[in-house]
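Below is one structure, written out as structure tokens; comments come after it.
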Amino acid sequence: MIDVKHLTKWYGRVLAVDNISFHVKKGAVVGFLGPNGAGKSTTLKIMTCYLPASSGTITVNGQDVLSDSLAVRRQIGYMPESVPIYPEMRVREYLLFRAALRDIPAKKRKAAVDRVAERCWLSQPEDMTRRRLSELSRGYKQRVGLAEGMLHDPAVLVLDEPTIGLDPTQIRAMRELIRELGDDHTVILSSHILAEVEQTCNEIIIIAGGRLAASGTPAELRQRVVGPSEIIAEIKGATSQELTNAIEKIPGAASVTHSPHGNWTRLEIKAKGSDDLRSNIYKLAAEKQWQLRELRRAGGSLEDFFVQITYEQSMREDHNAAG
Amino acid sequence: MGKILTIARRELAGYFFSPLAYVVGALFLCVCAFKFAPPPGFWAGPREWFILVPHQQASFRGLFEMMGTAMTIAAPLLTMRLVSEEYRSGTIETLMTAPVTDTQVILGKFLGVMGFYLILLAATLIFLALMFVYATPDVGVVIMGYVGMVLLGAAFLAVGVFASTLSRYQLLAAAGSIVILAIFQLLAGSVASHTTAPISEIAARINTSTYMSNFARGLFDSRGLVFFLSLTGGFLFLSIKTLESRRWR
């Protein structure tokens, strides 16, 4: 659906995007993840034909963003990061204006506006369509921006930081909506919040310092970052020292640390390899008639991985600045 | 064409939400009204400068000439926000990612402000009506005067649109177009009379105020027609190119 090949963008002497290539499948919900200044917005701006690439190409549905710019723009709905809108217009008026710019025939514009207004909760539960845009709260502006992007029912929706500046309820609603949209659109959203991308997307592209750091499904990425397995257990029925000694004897256990948790003892068990020791621990507890209230695997989280990438980027920047 | 009109309609509607447009329009009409029919206290002064004064031949000519000069200020103030504001608020991003071409954007904005200008010009018809009540105006002067005003307006507004594409600051855009228009309307005339050929020749050719006075005298000035039309076309072309160049910076 979308093919990005060797994309590079210089802003004057600043390199914002450095030779990025990736492919987005039709119907995917792709999260574009990276720390601030990683080049996310720049890539999206090139994809939506707002900026030209310094080198490299992007094709959407086989059409090049540069040579078939208008054709690409017809297929993309775009919500820029700051959701710029004309303050003096009313919601409905603005959407009708945009519908006209989007090549929607005059007879179908009203229906299109009603459809997106309903989908983005602008007409119910409260009718906001007659409000002036300057009077709207951040959350509603965001919805208007999204509604605008969906007017022409585009094959691809590009959302730059769709949940930034929203309150928790709005964030949840926005995420739900994005998931729903994924059913019949290809959605690309950018974010610097991992949890958000993990929840809404079925594919993640992580970029840092203008480069592609990793990409894949959340599960794939998680697998890649899992190190030696670590198990958390909370047990009652013996002193913490006895517990530690007993568990250390399990084959495969490398080290055990303990900490009191009320009457319970919380144990963190590191395995030598990637073996899962949970069943062994359960058996041991059953044998010794200990009470067991928690037993889980504390896998390497994506969060750690992301933090690591971000950290590497900042190190590189510091290094560049020093050198 | 549809999209040009869509953009033009939005811009035109925008003027009716803009306090500045009302102020500019009102001032323009006040200045015209003052010149046209001054309060009696001013009759003793330079009465030739005024139009509707007792015991004096009334002619629309002076009014057209003055309206031309007033446009040196009015056109920049009306056009300054057109593109600058899009840059400043970021709406340029949504506008340029919609399937519209740079040409459609510029022409739409130009037609929008042209619409507002024509409404303003239509409001001056009230002077014409009064003229028909109190005097017998020369129909030739009136017709050619309005033709001249439409041509001059188009050219001046095109200059304003161009200045607006240059900067995200409305004030800079206005200052830029005032400078350009002052060269055509005010400076060229005095340069022409204080220098020798070839500079005086060139200055005389670009002097928009002489073209306007020819129209105001009831003449069909084909030189003026060509000059105003080329100015309009030329500056709109430059505006389109400036807007395009934004992609390459």
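Keep in mind that this is a model prediction, so the values were computed, not measured. Convention: sequence-line order gives letters A, B, ...; per-chain numbering from 1.
Between B:R10 and A:R98, every side-chain heavy-atom pair lies at or beyond the 4.5 Å cut-off. Between A:D103 and B:K3 there is a side-chain heavy-atom pair separated by less than 4.5 Å. At least one side-chain heavy atom of B:T101 sits under 4.5 Å from a side-chain heavy atom of A:L70. Using a 4.5 Å heavy-atom cutoff, the side chains of A:F97 and B:T6 are in contact.
Among all heavy-atom pairs drawn from B:G14 and A:E88, the shortest one is CA-OE2, 4.2 Å. Of all heavy-atom pairs between B:A98 and A:R102, the closest is CA-NH1, 3.8 Å. A pairwise comparison of heavy atoms in A:P84 and B:G90 identifies CG-O, 3.2 Å as the closest pair.
With a 4.5 Å cut-off on non-hydrogen atoms, A:M89 touches chain B through its side chain but not through its backbone. A:T48 touches chain B through backbone and side chain together, each having a heavy atom under 4.5 Å away. Looking at B:S89, only its backbone comes within 4.5 Å of chain A, counting heavy atoms on both sides.
Between the side chains of A:Y86 and B:E85, no donor N or O sits under 3.5 Å from an acceptor N or O.
Chain A forms more heavy-atom pairs under 4.5 Å with one residue of B:R9, B:E86, B:Q104 than with any other, namely B:E86.
We find the CG-OG1 distance between A:L101 and B:T94 to be 9.5 Å, quoted to the nearest 0.5 Å.
The environment of B:F237 atom CZ is sparse: at most 12 non-hydrogen atoms of other residues, nucleotides or ligands sit within 6.0 angstrom. Summarising the local packing, CD1 of B:I126 is surrounded by 12 or fewer heavy atoms from other residues, nucleotides or ligands at distances under 6.0 Å. Crowding of B:Y169 atom OH: a count of heavy atoms from other residues, nucleotides or ligands under 6.0 Å not exceeding 12.
Within the 3.5 Å criterion, the main-chain N or O of B:M96 finds a donor-acceptor partner in the side chain of A:R73.
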